[in-house]
Engineer: 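Handing you this structure, nothing more for now.
Here the structure is a predicted model, which is why all the values come from computation and not from measurement. Worth knowing before you read on, the calculation uses all heavy atoms, side chains too, and leaves out hydrogens, waters and symmetry mates.
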Amino acid sequence: MLVAAAVCPCPPLLVPEVAAGAAPELDGLRAACLDAVAVLAAARPDRLVVLGPADATGRGPHPQGAAGSFRGLGVDLDVRLGTAPRDAGPAGDRALPQSLAVAAWLLERTQWTGAPVEGLGVGEELETERCLAAGRELAGSAERVALLVMGDGSACRTVKAPGYLDERAEPFDTAAASALGAADTAALAALDAELAYALKAAGRAPWQVLAGAGEGAGLSGALLYDEAPYGVGYYVAGWS
């Protein structure tokens, strides 16, 4: 059963070493993300699953101890998804997708030891019903499940945004932020997948996995951050 969830965006700029001189611009976002992860720790889960958008090479499960890196961004920084169990074999050859590498950095920053950690890369195009089904399966995988859900809103809020300005972006983001802040699983499930893809909202599929996991769990939500720096919608929420 889902007992807690944290929702965070996944721009590499969240990592100060990547942001470099621009790091202070996202200090408020980092603080909100760390607060959201604290919600997970307080719930004392048996299992933590970290999920986020991934391309074809990063989709599917990633075991505890899987490695990620920011070297492709010119930063000599490696991360691991939790600590590999002593009796475990190799954590696998696949590198964590960027979204899960950012999550791994967050967990390292908070010195996560609350529960075993696993990752799940989710394709941005995954149909809503399949997202919901995946979430229900995750929720039923242990007595006390927590989710760390990584994903950004639209990337079309301004003319300088990665996807340029699209007038549909702000209403979409407003609806998504409201649903995340209210732990409204029905509203999350109702997000338009085709519109989200057109607006480059990479968080849509992971959010709808969360919606499936949260069905009937009776969790309440709190929106901790809702801004669009760089023209991209970033939200942080905690469900407990």
Engineer: Any idea which heavy atoms bring R59 and V122 closest together, and the distance?
Structural biologist: CG-C, 4.4 Å

Engineer: Between the main-chain N or O of T174 and the side-chain N or O of S178, is there a donor-acceptor pair closer than 3.5 Å?
Structural biologist: no

Engineer: For the residue pair K200 and V232, establish whether any side-chain heavy-atom pair is separated by less than 4.5 Å.
Structural biologist: no

Engineer: Where do P116 and D46 come nearest, in terms of heavy atoms and distance?
Structural biologist: CD-O, 3.3 Å

Engineer: Using 0.5 Å steps for rounding, measure from the CZ atom of F70 to the CG atom of D78.
Structural biologist: 9.5 Å

Engineer: Among V49, L51, L188, V149, which residue meets the side-chain contact (heavy atoms from CB on, under 4.5 Å) test with V209?
Structural biologist: L51

Engineer: Are P45 and L40 side-chain neighbours, meaning at least one heavy-atom pair lies under 4.5 Å?
Structural biologist: no

Engineer: With side chains defined as the heavy atoms from C-beta onward, is the minimum distance between P53 and P97 less than 4.5 Å?
Structural biologist: no

Engineer: Mind listing the closest non-hydrogen atom pair of P9 and V102 along with its distance?
Structural biologist: O-CG1, 4.5 Å

Engineer: Of all heavy-atom pairs between V236 and A36, which one has the smallest distance, and what is that distance?
Structural biologist: CG1-CB, 3.7 Å

Engineer: What is the distance from atom CG of L199 to atom CD of E194, rounded to the nearest 0.5 Å?
Structural biologist: 12.0 Å

Engineer: Which atom names give the shortest non-hydrogen contact between A169 and C156, and what distance separates them?
Structural biologist: CB-O, 3.4 Å

Engineer: Answer whether the closest heavy-atom distance between the side chains of E118 and P61 falls below 4.5 Å.
Structural biologist: no

Engineer: Roughly how far, to the nearest 0.5 Å, is the CG atom of D35 from the OG1 atom of T110?
Structural biologist: 11.0 Å

Engineer: For the residue pair H62 and A95, what are the closest heavy atoms and their distance?
Structural biologist: CE1-O, 3.8 Å

Engineer: What residues, two or more places apart in sequence or in another chain, satisfy ring-ring contact (aromatic ring centres under 6.0 Å, His included) together with Y235?
Structural biologist: W207

Engineer: Do R80 and E108 have side chains that get closer than 4.5 Å, going by heavy atoms?
Structural biologist: yes

Engineer: Is R109 close to C33 at the side-chain level, that is, under 4.5 Å between some pair of heavy atoms?
Structural biologist: no

Engineer: Could you state the interatomic distance from CD (E17) to CG (L73), rounded to the nearest 0.5 Å?
Structural biologist: 12.0 Å

Engineer: Would you compute the distance between atom CG of L48 and atom CG of L81 and round it to the nearest 0.5 angstrom?
Structural biologist: 8.0 Å

Engineer: Quick check: do L2 and L210 have side-chain heavy atoms less than 4.5 Å from each other?
Structural biologist: yes

Engineer: V15 and Y225: same hydrophobic cluster, using ILVMFWY side-chain contacts below 4.5 Å?
Structural biologist: yes

Engineer: Which pairs count as ring pair (Phe, Tyr, Trp, His ring centres under 6.0 Å) when at least one residue sits in residues 143-202, sequence neighbours excluded?
Structural biologist: none

Engineer: Is it true that, when you exclude R71 itself, more than 12 heavy atoms of the residues, nucleotides or ligands shown sit nearer than 6.0 Å to its CZ?
Structural biologist: yes

Engineer: Please, which pairs that meet salt bridge (charged side-chain N to carboxylate O under 4.0 Å, His left out) have at least one residue in residues 204-233, sequence neighbours excluded?
Structural biologist: R136-E215

Engineer: Which value, rounded to the nearest 0.5 Å, describes the distance between L14 atom CG and Y234 atom OH?
Structural biologist: 8.5 Å

Engineer: Are there more than 12 heavy atoms of other residues, nucleotides or ligands under 6.0 Å from atom CD of E125?
Structural biologist: yes

Engineer: Are the side chains of E25 and P229 in touch, meaning some heavy atoms are under 4.5 Å apart?
Structural biologist: no

